Each structure stands twice: as C-alpha cells, then as structure tokens.
Amino acid sequence: MTTPIWDFLQRCQQAGTRRFHMPGHKGAGPLGCEQWDITEIQGADSLYEAAGIIAESEANAAALFGSGATFYSTEGSSQCIKVMLYLALQNRPAGTPPVIAAARNVHKSFVHAAALLDFEPVWLWPEESASLCACPVTAEGLGQVLSALDAPPAAVYITSPDYLGNMADIPALAGVCRRYKTPLLVDNAHGAYLRFLEPSRHPLDLGADLCCDSAHKTLPVLTGGAYLHIAKTAPAAFRKNARAAMALFGSTSPSYLTLASLDLCNGYLAGGGPSLIRAAAGRMEALKQDLPKWGWSSVGTEPLKLTLDTAACGITGSLAAEGLRVNEGVEPEYGDPDFVVLMASGATGEADFQAVERALRLTRRRHPRSRPALPLARGERVLSIREALFAPQETVPAEESLGRICGAPTVSCPPAVPIAVSGERIGPEAAALFPYYGIKTVDVLQD
C-alpha cells in the first residue's frame with residue numbers, strides 16, 4: 001500500500017527546501033513535528049481539489065474500506081456529519097420538504113448542521129431511556145415513523161455505535177430505508193475499526209449509504225482525522241458533489257500532520273493492523289467475560305469498548321472512574337452517574353488490560369441500586385433550530401431554565417449529546433436531567 005502524502009513530506013524534508021511559505025514555524029520548533037507540517041505548496045495537492053497525492057491516498061482508503069469513495073477530513077466527524085446531511089438534502093426529490101428523521105442521541109454537530117442547512121428533524125425516540133447517550137431504534141419503530149410522514153424524509157440518520165457501545169441493527173434499518181427510498185446515514189464516529197473484524201461490522205458493509213468514521217478515535221491517527229465514506233450503491237450525485245460539500249464546512253488550511261497520519265494508517269490497515277485490532281477485540285471480550293467474577297457487569301456490544309454498568313454494581317460512574325485512576329492510573333473515556341466507558345484499540349497492550357483488571361478488583365462496590373428509567377425530554381418545539389440558534393441568547397442557571405426556550409444545544413462534552421435542542425421549550429423532564437448530568441447553566445433565548 002503506497003503512502004504518497006508521507007513520502008512527499010519526507011522528500012520535502014530531505015531536499016532542505018528554504019521555507020518562504022506558511023506556516024510561520026518554518027519547520028522548526030519545540031514540538032519536534034514541525035518539519036512535517038506544511039501548507040499547499042507545489043506537489044502537496046489540495047484537500048478540497050485533490051488530484052494528486054491526497055487523491056491517491058483517499059483512493060487507497062476507499063479500497064481498504066470497500067467504499068465507492070472515501071474523503072479525508074482533518075476536522076473530525078463533525079465536518080463529515082454536516083456534509084452527509086448536506087448531500088442528502090441536496091439530492092432529495094424535488095418538492096419534498098427538508099426533513100431528516102434522526103435518532104435523538106445525536107452529536108451536537110447534527111444540531112449545528114440543522115441550523116446551517118435549515119432542515120427540520122423528526123426525532124426517533126426510544127420507548128424508554130436508560131441513558132442520554134442511548135437511543136435504540138427498531139426497524140418496526142422506524143417504519144411506523146416513516147409511514148406517518150406525508151413524504152419520505154431526505155434521510156434517516158442514526159448513531160451506531162453510540163457512546164455506550166450499543167450497536168444498531170443496521171441491516172434491518174437499511175431495509176426499511178430502501179422500502180421508503182430514503183438514504184441511511186450513520187454516524188460511525190466510534191467504529192472505524194469495525195471494517196477490519198471478521199466478519200466486518202462496518203455500516204457500509206451492512207447497508208448504510210453514507211457513513212462517517214472518526215479515524216482518530218480507534219485507529220492510529222492524529223486527533224481530527226476522519227473519513228467520509230460513500231457506498232458503492234449510493235446515488236452517483238453523492239460522490240460527484242462530496243468534495244465541494246467538504247469545502248463548505250472545512251478550513252482552507254487542513255493539517256498536513258493529520259493528513260499524513262491518515263495516509264500512514266492506510267499502510268497499517270493494509271499490513272498488520274487488522275490482526276492487532278482483532279486480537280484487542282478478543283482480549284476485550286475475555287475481559288468482559290471475567291467481569292462477573294469481580295462483581296461487575298457491562299452493557300453494549302461494541303467489540304473494543306467496555307461500558308461498566310456501575311449502577312448495577314452499587315457505585316456511581318464517577319466513583320468507579322476515580323477508582324480506576326487512583327488504583328492503576330487508568331483514565332477512562334467517559335463517566336456519568338450510571339456508566340463508565342473504556343475504549344481500547346489495536347495499540348492497547350496486555351499490560352493495559354491487566355491494569356484494568358487489577359483496578360476493577362480493587363475498586364469497592366456496594367449493593368446494586370435500582371436505576372429508574374430516565375425521563376424523555378420531549379420539549380415542545382417553539383422555533384426551528386435555525387431560528388433559535390441565531391436569536392439573541394442569555395445564559396441562566398439550569399434551575400431557572402424551566403419554561404424557557406433553548407438557545408444553543410445544552411450538552412456536556414463528552415458525550416456532546418443534547419438534553420434540550422435549540423428551539424424547544426425546556427420542560428420538567430429536561431430540567432430534571434440537567435443536574436443529573438452535571439449541567440449547571442443553560443443558554444436560552446432572551447425574553
């Protein structure tokens with residue numbers, strides 16, 4: 001597998017070029033990586049007009065992921081999410097309204113996209129909620145929502161895997177979408193590695209039309225590196241218009257350090273990377289199987305994610321996370337009142353897994369506590385997301401937000417999943433969830 005971006009950067013360094021171009025560090029500095037950080041000089045290609053080394057590297061990635069086309073992002077899946085929604089809206093049947101049917105556990109970048117693109121979300125709600133991060137959608141439930149609409153939406157949008165490691169039944173959901181002739185978009189930010197399991201569990205291989213992967217979350221890629229994948233069976237207009245759409249939502253100065261890491265990741269995935277990924281997934285499964293022996297339980301089916309159900313073990317997620325840190329120096333990805341999330345990758349070694357095991361043995365637990373279903377914050381829609389996000393706002397204490405109209409989406413990051421969405425009147429359900437998830441202030445529209 002060629003690595004054209006990395007090879008170009010090496011040639012530039014070896015040539016000893018005198019840098020009378022951006023960036024200002026001129027290839028030297030305290031980080032030690034400045035020599036590889038360039039701009040769009042001759043031969044470096046241009047991300048949003050790629051026809052050279054970047055296009056070649058993206059083609060390599062497309063071959064590895066089995067996509068019709070793959071495009072690089074140096075601004076994470078947040079950029080790719082906006083592009084997916086733009087492409088779906090741009091290519092919807094003439095005369096149909098700008099509507100996206102979406103599982104409610106969206107990342108806040110979806111809400112920002114709704115403001116920028118001025119579309120109307122039709123929320124897919126779970127029957128009951130155990131976490132802000134989870135929103136299971138069944139094929140039957142999706143079919144009921146779509147059948148009630150006057151016209152099929154421009155797209156159906158889901159998050160899988162979600163932050164807790166729950167994975168949707170994508171083949172079943174894709175079948176419903178085909179029946180209604182609407183594309184399926186998947187925020188697969190946490191699951192780039194799924195393509196390299198045996199068998200593949202990647203959304204593209206299960207029926208998604210558009211998919212975004214945060215490469216940096218689970219592959220050896222620098223933060224911000226991501227992929228936009230377009231399925232081979234997706235409308236040709238998606239591939240034709242994707243690069244221009246990426247330019248709409250991205251900086252004209254993409255990081256060549258991040259691009260180089262995406263390029264080098266192709267070599268990793270074409271070589272020994274998949275075997276390391278599969279070995280880590282096997283080791284994680286063995287760890288999950290041992291949890292009951294130590295009094296722990298987990299949720300979710302994502303292979304490289306361990307989500308401890310701390311409520312079932314009589315301890316809060318925050319205390320469990322602190323136990324991991326204090327006992328063995330293990331820093332988890334996320335913790336809330338009910339869960340702790342740990343993410344592994346092909347780079348996670350045996351010593352790391354053993355440290356987690358020791359920490360779990362040492363962390364004190366209590367009797368399991370009941371966890372009632374959380375309220376569904378179905379706020380009354382007063383304004384569109386666009387109207388609300390661009391309206392004058394003020395910040396108020398969360399306890400004073402009841403009855404006010406939400407301005408900016410109210411989230412903590414991680415997981416960046418909104419409790420209240422812009423334009424909704426904040427009801428008692430949302431007001432109860434704010435303190436539960438540690439939200440102290442809320443942006444609301446000025447009275």
Side-chain angles (χ1 to χ4, degrees), residues 58-59 61-73 77-94 96-103 106-107 109-110 113-114 117 119 121-122 124 137-139 141-143 145-146 149 151-162 167-192 194-195 200-215 226-246 248-249:
E58 288 177 331
L64 288 164
F65 282 90
S67 69
T70 291
F71 300 88
Y72 288 162
S73 164
S77 283
S78 295
Q79 180 185 12
C80 300
I81 286 168
K82 297 179 181 74
V83 172
M84 290 196 300
L85 294 164
Y86 170 87
L87 292 173
L89 291 162
Q90 184 187 50
N91 291 282
R92 72 185 190 275
T96 58
V99 170
I100 303 287
V106 293
H107 188 271
S109 56
F110 176 96
L117 299 171
F119 65 80
V122 172
L124 305 171
V137 177
T138 66
L142 176 61
V145 171
L146 297 187
L149 298 176
V156 170
Y157 178 99
I158 63 168
T159 302
S160 178
D162 64 25
M167 299 182 69
D169 186 351
I170 292 176
L173 297 175
V176 175
C177 289
R178 285 193 296 271
R179 192 161 72 243
Y180 284 89
K181 296 182 171 58
T182 188
L184 176 61
L185 282 50
V186 179
D187 175 357
N188 181 53
H190 285 239
L194 294 171
R195 165 71 177 175
S200 168
R201 298 179 68 181
H202 194 275
L204 277 191
D205 294 316
L206 300 179
D209 296 286
L210 291 170
C211 173
C212 66
D213 299 352
S214 287
Y227 309 108
L228 170 68
H229 300 299
I230 302 175
K232 292 178 179 178
T233 56
F238 287 179
R239 293 190 292 277
K240 177 182 177 182
N241 299 323
R243 200 175 296 283
M246 294 288 284
L248 282 177
F249 302 104

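This is a predicted model, so every value here is computed, not measured. Note: hydrogens, waters and symmetry copies are ignored here, and every other heavy atom, side chains too, is used.
Panel note: side chain Thr138, backbone Gly141; a donor-acceptor pair is recorded below 3.5 Å. Looking at Ser77, its side chain does come within 3.5 Å of a backbone N or O of Ser214 through a donor-acceptor pair. The backbone N or O of Pro153 sits less than 3.5 Å from a side-chain atom of Thr182, completing a donor-acceptor pair. Using modelled atom types, one side-chain atom of Glu58 and one backbone atom of Tyr72 make a donor-acceptor pair closer than 3.5 Å.
In this view, Tyr227 and Phe65, His229 satisfy the ring-ring contact (aromatic ring centres under 6.0 Å, His included) rule, not counting sequence neighbours. For the salt bridge (Lys or Arg N to Asp or Glu O under 4.0 Å) test, no residue two or more places apart in sequence or in another chain qualifies with Arg239. Every side chain to side chain contact (heavy atoms under 4.5 Å, CB included) that Val145 has, sequence neighbours left out, goes to Val122, Leu124. For Ala234, the side chain to side chain contact (heavy atoms under 4.5 Å, CB included) test picks out Asp209, Ile230, Ala231, Phe238, with sequence neighbours left out. Legend: residues meeting side chain to side chain contact (heavy atoms under 4.5 Å, CB included) with Ala155, ordered by chain and number and at least two apart, are Ala88, Ile100, Pro183, Leu185. Annotation: salt bridge (Lys or Arg N to Asp or Glu O under 4.0 Å) contacts of Arg195 (sequence neighbours excluded): Asp205.
Taken to the nearest 0.5 Å, the CG atom of Leu210 stands 12.5 Å off from the CG atom of Asn188. Distance check: Cys211 SG to Leu194 CG gives 9.0 Å after rounding to the nearest 0.5 Å. Here Asp187 contributes atom CG and Tyr157 contributes atom OH; the two are 4.0 Å apart, rounded to the nearest 0.5 Å. Note that the CG atom of Leu248 and the CD atom of Gln79 stand 10.0 Å from one another [nearest 0.5 Å]. The line from CZ of Arg178 to OG1 of Thr233 is 8.5 Å long, rounded to the nearest 0.5 Å. A distance of 9.5 Å separates CG in Leu87 from CE in Met246, rounded to the nearest 0.5 Å.
Of all non-hydrogen atoms in Ser109 and Lys82, the two that sit nearest each other are CB-NZ, 4.0 Å. Residues Ala61 and Thr70 approach most closely at CB-CG2, 4.0 Å, considering heavy atoms. Scanning both residues, Gly143 and Tyr180, for their nearest heavy atoms gives O-OH, 3.6 Å. The shortest non-hydrogen separation linking Leu228 to Ala242 is CD2-CB, 4.3 Å. Shortest non-hydrogen contact noted between Val176 and Ala139 is CG2-O, 3.6 Å. Taking every heavy atom of both residues into account, Ala69 and Phe71 meet most closely at CB-CE1, 3.7 Å.
For Phe110 and Phe119, the distance between ring centers is under 6.0 angstrom.
Judged by distance alone, the side chains of His202 and Ser200 never bring a donor and an acceptor atom under 3.5 Å apart.
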(request) Before giving the answer on side chain to side chain contact (heavy atoms under 4.5 Å, CB included), spell out for Cys177 and Leu142 the whole-Å C-alpha distance, their side-chain angles and the decisive distance to 0.1 Å. (result) CA-CA 9 Å; Cys177 289; Leu142 176 61; 4.3 Å; yes

